[in-house]
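See below for the structure under consideration.
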Amino acid sequence: MGDFDPAFIQDTEHRPKPAVIEADGIPKIDLSPYITSSPNTNTAAIHNLVDQIRDACKNWGFFQVINHGVPIESREKIQLAAKRFFDQSTEEKRKVKRSERNPFGYSDTEHTKNVRDWKEVFDFTVNAPAVMPASCEPDDEETAEYDNPWPQYPPELREVCEEYAKHVQKLSYKLLALISLSLNLPEDRFEPFFKDHGSYARLSHYPPCLAPDLALGVGRHKDGGALTILAQDDVGGLEVKRKSDRKWIFVKPTPNAFIINVGDVIQVWSNDAYESVEHRVRVNSTKERFSIPFFMNPAHYTMVEPLAELTNEQNPAKYKAYNRGKFFVARKYSNFKKLDVENLQIYHFKKTG
Ligand code: OGA
Ligand code: NI
């Protein structure tokens with residue numbers, strides 16, 4: 001990446017304000033009752049776990065999990081391979097760069113809110129080939145398939161990414177089941193939406209930035225999918241907007257834990273019972289940082305709308321149904337083109353009156 005040029009920042013929202021609170025912050029949840037024992041053997045512990053998930057989703061939209069069942073070796077392997085990939089020259093990395101059409105591969109020009117993020121990424125679908133709408137035109141029913149443009153170097157990248165994704169995907173289904181229970185729904189209520197899921201993972205690298213108060217690794221945003229399962233390293237930089245007072249809270253790294261957040265799709269399914277919360281990434285002046293978010297997404301053809309069981313006359317559906325694939329493609333397209341319009345957001349589908 002080039003030298004930092006503060007001139008490209010016009011949006012002052014993209015600049016972190018200094019008064020960030022370092023607190024224990026988001027809840028830490030021990031998943032062992034659900035991961036290591038079969039669900040029916042320890043019902044009191046499961047009830048307690050579901051209560052913790054409900055509180056965390058309501059009060060924070062974010063939580064960390066420990067004893068999650070993802071082997072530490074798999075995480076170490078992907079972290080090492082990611083470092084080897086990003087250590088190459090820009091020219092080498094751009095051989096697998098993302099294009100206007102294929103959303104997977106390398107990119108160092110991502111934008112949040114039309115401002116360049118101080119990061120580089122490699123995105124890969126975990127359900128290859130990924131199927132999605134060919135365009136964001138509402139009447140265009142054509143779909144297209146995309147494969148991952150795996151690089152030649154490091155040679156193990158593909159295998160370690162696929163293995164890691166398999167483990168995290170398993171965890172994501174368990175989390176989804178717990179969230180479903182926490183909304184008083186059957187454990188498998190969300191499963192059908194994920195039959196042809198469109199989940200993808202991202203290797204993110206945040207190089208040191210000489211002007212850390214003028215840039216952000218990722219500007220403030222909400223995640224558009226169902227759930228995000230994030231592995232961050234020990235450098236830290238993720239900040240979450242606390243719901244109670246709208247202050248930015250630094251998420252202290254916990255070794256080997258995952259950070260989970262509810263995305264826009266769960267906000268809509270739950271009819272706003274759980275909110276998709278804003279977050280951003282601060283950069284560091286001396287240390288580089290790596291993180292790996294896994295974005296769990298329903299199938300592209302899913303029409304996302306509040307679940308019938310969670311709405312009634314007193315609590316009518318707050319959203320009109322929207323197509324998940326079109327939503328994704330519209331966002332990718334405006335990011336790619338750096339269009340001078342606000343990204344598509346779920347509140348654009350809010351019902352009025
Ligand atoms: C994201 C994100 C956080 C991080 O990519 O959507 O919020 O710590 N990443 O990298
Ligand atoms: Ni995010």
Side-chain angles (χ1 to χ4, degrees), residues 1 13-14 16 20 25-26 60-65 75 78-79 82-83 86 98 103-113 115-126 164-165 168 172 198-209 212 215-242 248-267 274-284 287-297 327-328 331-332 334-335 343-346:
M1 295 182 57
E13 287 275 6
H14 208 73
V20 166
I26 64 171
W60 285 91
F62 265 87
F63 52 97
Q64 310 202 43
V65 294
R75 181 158 161 177
I78 192 174
Q79 276 165 348
K83 183 164 169 46
F86 288 120
R98 218 140 87 177
F104 305 112
Y106 174 76
S107 168
D108 58 1
T109 56
E110 265 235 340
H111 287 62
T112 319
K113 287 175 87 18
V115 180
R116 205 185 107 194
D117 292 335
W118 193 253
K119 70 166 184 207
E120 52 181 344
V121 302
F122 180 86
D123 286 356
F124 62 97
T125 172
V126 304
Y164 176 82
V168 176
S172 71
S199 306
Y200 68 101
R202 163 171 293 172
L203 310 176
S204 308
H205 176 222
Y206 303 93
C209 177
L216 282 167
V218 189
R220 65 186 182 96
H221 68 282
K222 299 175 177 189
D223 293 348
L227 265 189
T228 305
I229 291 112
L230 174 81
Q232 71 164 340
D233 67 12
D234 58 2
V235 174
L238 176 66
E239 295 175 355
V240 171
K241 201 164 212 181
R242 182 159 61 191
W248 288 106
I249 306 294
F250 177 80
V251 180
K252 228 184 186 161
T254 302
N256 199 29
F258 285 97
I259 297 158
I260 315 298
N261 67 292
V262 163
D264 291 348
V265 168
I266 287 190
Q267 173 165 350
Y274 295 165
E275 267 172 62
S276 170
V277 164
E278 265 190 336
H279 52 286
R280 63 183 190 184
V281 175
R282 180 181 276 270
V283 281
N284 194 291
K287 290 186 210 155
E288 62 179 344
R289 171 178 184 259
F290 295 90
S291 76
I292 309 168
F294 175 104
F295 301 104
M296 188 194 202
N297 298 316
F327 186 89
F328 177 78
R331 273 216 179 164
K332 278 282 163 206
S334 66
N335 277 348
N343 259 343
L344 188 58
Q345 304 285 350
I346 48 169

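Just follow the structure's listing: the first ligand is 1, and inside any ligand the first atom is 1.
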The single option from Lys222, His221, Lys241 that satisfies side-chain contact (heavy atoms from CB on, under 4.5 Å) with His279 is His221
Is the positively charged end of Arg242 above the ring of Trp248, judged by distance under 6.0 angstrom from the centroid and angle within 45° of the axis?
no
Specify side chain, backbone, both or neither for Asp223, according to which of its non-hydrogen atoms lie closer than 4.0 Å to ligand 1.
side chain
Residue-ligand contact Lys119/ligand 1, heavy atom below 4.0 Å
no
May I ask you to identify, for Arg289, whether its side chain, its backbone, both or neither come under 4.0 Å of ligand 1 on a heavy-atom basis?
side chain
Nearest protein heavy atom with distance in Å, relative to atom 6 (O) of ligand 1:
His221 NE2, 3.0 Å
If we set the cut-off at 4.0 Å for heavy atoms, which region of Arg280 has an atom near ligand 1: side chain, backbone, both, or neither?
neither
Consider ligand 1: state whether an atom of it lies below 4.0 angstrom from any non-hydrogen atom of Arg202.
yes
Heavy-atom pairs closer than 4.0 Å: do any link ligand 1 to the side chain of His279, the backbone, both, or neither?
side chain
So if I count the atoms of ligand 1 from 1 in the order they appear, which ones are less than 4.0 Å from some heavy atom of Tyr206?
4 (C), 9 (N), 10 (O)
To the nearest 0.5 Å, how far apart are CZ in Phe258 and CZ in Arg75?
4.5 Å
Does the ring centre of Tyr200 sit less than 6.0 Å away from the ring centre of Phe328?
yes
If you scan protein heavy atoms around atom 3 (C) of ligand 1, the nearest is Val281 CG2, 3.5 Å
For the atoms NE2 of His221 and OD1 of Asp223, give the angle they form at the Ni ion (ligand 2), rounded to 10 degrees.
90°
